Amino acid sequence: MSQFSPRWPICLLIVGFLLPECATSQDSSLEVLKKIVTLTEVVVRNNLNVPDFIQRVQTDTSFYKAFKNLHLIGYTALNDIRMTDKKGEVRATLQSRTKQDVHDGCRTMQTLEESITGDMYDNDRNWNYYTAELYAGLFFTKGTICGETNIVRGNESSLKGKSGMAKNKEQLKKLLFNPGAKIPGIPFIGNKIAIFEEGQSELYDFIIDMADYKGQNCYVFRIKARENLSRAEKGQVVINTITTWFNSRTMQIVARNYDLNYDAGVYDFNVQMEVQLTEFQELLVPSLIRYTGNWHAIFKKKEKGIFTATLFDFNSKQWSAISNQ
């Protein structure tokens, strides 16, 4: 009997048709603004204007504006903060439901429900954990705050005249809203966060892909530290990955994930974050923020925190304070 099955010609025919497709099914790379950017095959087929896209990523303000929009609308939030020890055992928790109301250009927040365990607070109701205090500073409103807008152009966050928690909040905002921009005032990190600039961009791969994200067709822009870095180069890396999903039709940011870690000797941190955005009428707003991370500074206890903020029931826009800038 022949060693060749009658099916072989059919198989060879199928392979013959598939090989040309496999030969053209590959990623492409090009240099844009002195950066090597990898495009997946689906992006190449969509004829994306890559230089414009990269420029948009670097100059985007819509993400920052989405958070500022929260100062102009009412909403309800579910807050979940958990502090754990080195073994992952929960030491303190805070779960609450808060509601922000906006009237006559002023916003206030009330706590509808709250449950606290462990040593989240001291006897004077001061925060025992830096992570929880930072969360509260970003998402809990005290008293009445008036006269805010959502203008971002020419209104970038500044560290001038700020210290302590106020300074740390501004540094976090810069990292969240403008990933890849320089952040002054963080010891030992210097320009290591400026991943788009010469000297740092060489440490990263820049990849553009397309994928579905919760029913939306999106361009996916992924920045990740190169796998073949030397030990010295790894010491220059703070941002491991940043992944951003852009709606392919509107080019609005749909979601962004972060993975960062650094060990400066006198302090170290390892943080992962996920932010999802949604639309309330004509406004882009955050709907979900997840954080998992630990940090440790010399002379302070090591902290590991997990928090989730879920925002919904958006209402009562203050049109007079809303800007497209």
Side-chain angles (χ1 to χ4, degrees), residues 27-30 32-44 46 48-70 138 150 152-153 156-157 171-183 192-197 200-201 203-226 237-261 271-279 283-293 308-309 311:
D27 298 344
S28 299
S29 296
L30 69 160
V32 181
L33 302 177
K34 297 183 178 181
K35 304 168 187 62
I36 301 300
V37 180
T38 300
L39 311 179
T40 62
E41 182 196 8
V42 66
V43 174
V44 174
N46 273 266
L48 175 68
N49 187 323
V50 179
D52 283 356
F53 181 83
I54 298 297
Q55 187 67 34
R56 174 185 289 269
V57 171
Q58 293 186 239
T59 60
D60 175 77
T61 59
S62 66
F63 200 68
Y64 182 14
K65 193 178 189 69
F67 281 82
K68 288 182 73 69
N69 287 339
L70 290 178
L138 290 172
N150 65 344
V152 297
R153 189 173 300 168
E156 290 80 7
S157 56
Q171 290 169 330
L172 178 58
K173 288 178 184 178
K174 283 181 177 288
L175 181 57
L176 283 174
F177 305 140
N178 302 101
K182 294 180 181 178
I183 303 180
K192 295 183 179 69
I193 295 176
I195 57 179
F196 291 111
E197 297 194 5
Q200 284 298 118
S201 63
L203 305 177
Y204 290 88
D205 290 325
F206 299 86
I207 304 165
I208 305 176
D209 197 357
M210 293 195 75
D212 178 87
Y213 189 92
K214 296 186 181 299
Q216 299 183 63
N217 188 40
C218 295
Y219 287 109
V220 185
F221 185 56
R222 183 172 293 106
I223 305 168
K224 64 176 184 178
R226 289 190 358 241
V237 170
V238 175
I239 299 174
N240 296 322
T241 62
I242 296 180
T243 304
T244 308
W245 288 261
F246 294 83
N247 183 290
S248 62
R249 181 178 57 84
T250 65
M251 296 306 290
Q252 286 187 323
I253 293 180
V254 173
R256 176 172 282 159
N257 291 356
Y258 308 78
D259 181 1
L260 311 93
N261 76 277
V271 171
Q272 293 78 46
M273 291 190 67
E274 174 188 354
V275 180
Q276 295 179 18
L277 304 181
T278 190
E279 281 190 317
L283 296 181
L284 194 66
V285 291
S287 59
L288 180 70
I289 302 102
R290 290 194 182 104
Y291 164 99
T292 301
T308 304
L311 287 64

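As the structure is a computational prediction, the values presented were derived from the model and not from experiment. Hydrogens, waters and symmetry mates are skipped; everything else that's a heavy atom, side chains included, is used.
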Worksheet item: To the nearest 0.5 Å, what is the distance between CG (Leu284) and OG1 (Thr278)?
Response: 8.0 Å
Discussion item. Please enumerate all residues that pass side-chain contact (heavy atoms from CB on, under 4.5 Å) together with Arg56, with sequence neighbours excluded.
Written reply: Met251
Practice prompt. Taking side-chain hydrogen bond (donor to acceptor under 3.5 Å, both in side chains) as the test, write out the residues that go with Asn261, two or more places apart.
Written response: Asn240
Discussion item. Run Thr38 and Asp205 through side chain to side chain contact (heavy atoms under 4.5 Å, CB included) and show every step you take.
Written reply: CA-CA 8 Å; Thr38 300; Asp205 290 325; over 6 Å; no
Fill in: Results of side-chain contact (heavy atoms from CB on, under 4.5 Å) for Asp212 - residues two or more places apart only
none
Worksheet item: Taking the six-membered ring for Trp, are Phe63 and Tyr258 parallel (under 30°), tilted (30 to 60°) or perpendicular (over 60°)?
Response: tilted
Worksheet entry | Residues Val275, Phe67; criterion side chain to side chain contact (heavy atoms under 4.5 Å, CB included); working and verdict | CA-CA 11 Å; Val275 180; Phe67 281 82; 3.9 Å; yes
Worksheet entry | Close side-chain approach of Ser201 to Phe196, heavy-atom, < 4.5 Å | no
Fill in: Heavy-atom side-chain proximity of Arg290 to Met273 below 4.5 angstrom
no
Fill in: side-chain hydrogen bond (donor to acceptor under 3.5 Å, both in side chains) against Glu197, all qualifying residues, sequence neighbours excluded
none
Worksheet item: With Lys224, which of Thr241, Thr243, Ile242 fulfils side chain to side chain contact (heavy atoms under 4.5 Å, CB included)?
Response: Thr241
Worksheet entry | Side-chain heavy atoms of Ile207 within contact of Val37, under 4.5 Å | no
Response to the item:
Nearest heavy-atom contact between Asp209 and Thr40 is OD1-OG1, 2.8 Å
Worksheet entry | Audit row: Val220, Ile208, side chain to side chain contact (heavy atoms under 4.5 Å, CB included) steps and yes/no | CA-CA 6 Å; Val220 185; Ile208 305 176; over 6 Å; no
Discussion item. When you compare the side chains of Gln252 and Asn247, does any donor N or O come within less than 3.5 Å of an acceptor on the partner?
Written reply: no
Discussion item. Using the side-chain contact (heavy atoms from CB on, under 4.5 Å) criterion, which residues pair with Asn46? Sequence neighbours excluded.
Written reply: Val42, Met210, Tyr219
Discussion item. Ignoring hydrogens, what is the shortest heavy-atom contact between Leu277 and Ile253? Give both atom names and the distance.
Written reply: CD1-O, 3.3 Å
Response to the item:
Heavy-atom closest pair (Gln276 atom, Lys214 atom, distance to 0.1 Å) is OE1-CE, 3.2 Å
Practice prompt. Please round to the nearest 0.5 Å and tell me the distance separating atom OH of Tyr64 and atom CG of Asn150.
Written response: 10.5 Å
Worksheet item: Nearest 0.5 Å, what's the CG-CG distance between Leu70 and Leu283?
Response: 9.5 Å
Worksheet item: Sequence neighbours excluded, which residues qualify as side-chain hydrogen bond (donor to acceptor under 3.5 Å, both in side chains) partners of Ser248?
Response: Asn217
Worksheet item: Tell me, do Gln200 and Leu203 make a side-chain contact under 4.5 Å, heavy atoms counted?
Response: yes
Worksheet item: In terms of ring plane angle, is the pair Phe221 and Phe206 parallel, tilted or perpendicular, where the classes change at 30° and 60°?
Response: parallel
Item to complete: Could you give me the CA-CA distance, side-chain angles and deciding distance for Ile239 and Ile193, then say whether side chain to side chain contact (heavy atoms under 4.5 Å, CB included) is met?
Response: CA-CA 7 Å; Ile239 299 174; Ile193 295 176; 3.9 Å; yes
Worksheet entry | side-chain hydrogen bond (donor to acceptor under 3.5 Å, both in side chains) partners for Gln272, two or more places apart | Asp259, Asn270
Discussion item. Would you say Arg256 and Thr244 are linked by a side-chain donor-acceptor pair, where the criterion is simply a distance under 3.5 Å?
Written reply: yes
Discussion item. Strictly distance-based, threshold 3.5 Å: is any side-chain N or O of Glu274 a donor or acceptor partner for the main-chain N or O of Asn257?
Written reply: no
Item to complete: Would you name the heavy atoms of Pro286 and Ala66 that are closest together and state the gap between them?
Response: CD-O, 3.2 Å
Discussion item. Run the ring pair (Phe, Tyr, Trp, His ring centres under 6.0 Å) test against Tyr204 and tell me which residues pass, sequence neighbours left out.
Written reply: none
Discussion item. Please report the interatomic distance CD(Glu279) to CG(Asn69), rounded to the nearest 0.5 Å.
Written reply: 10.5 Å
Item to complete: Report the distance from atom CG of Leu311 to atom CG of Leu288, rounding to the nearest 0.5 Å.
Response: 8.5 Å
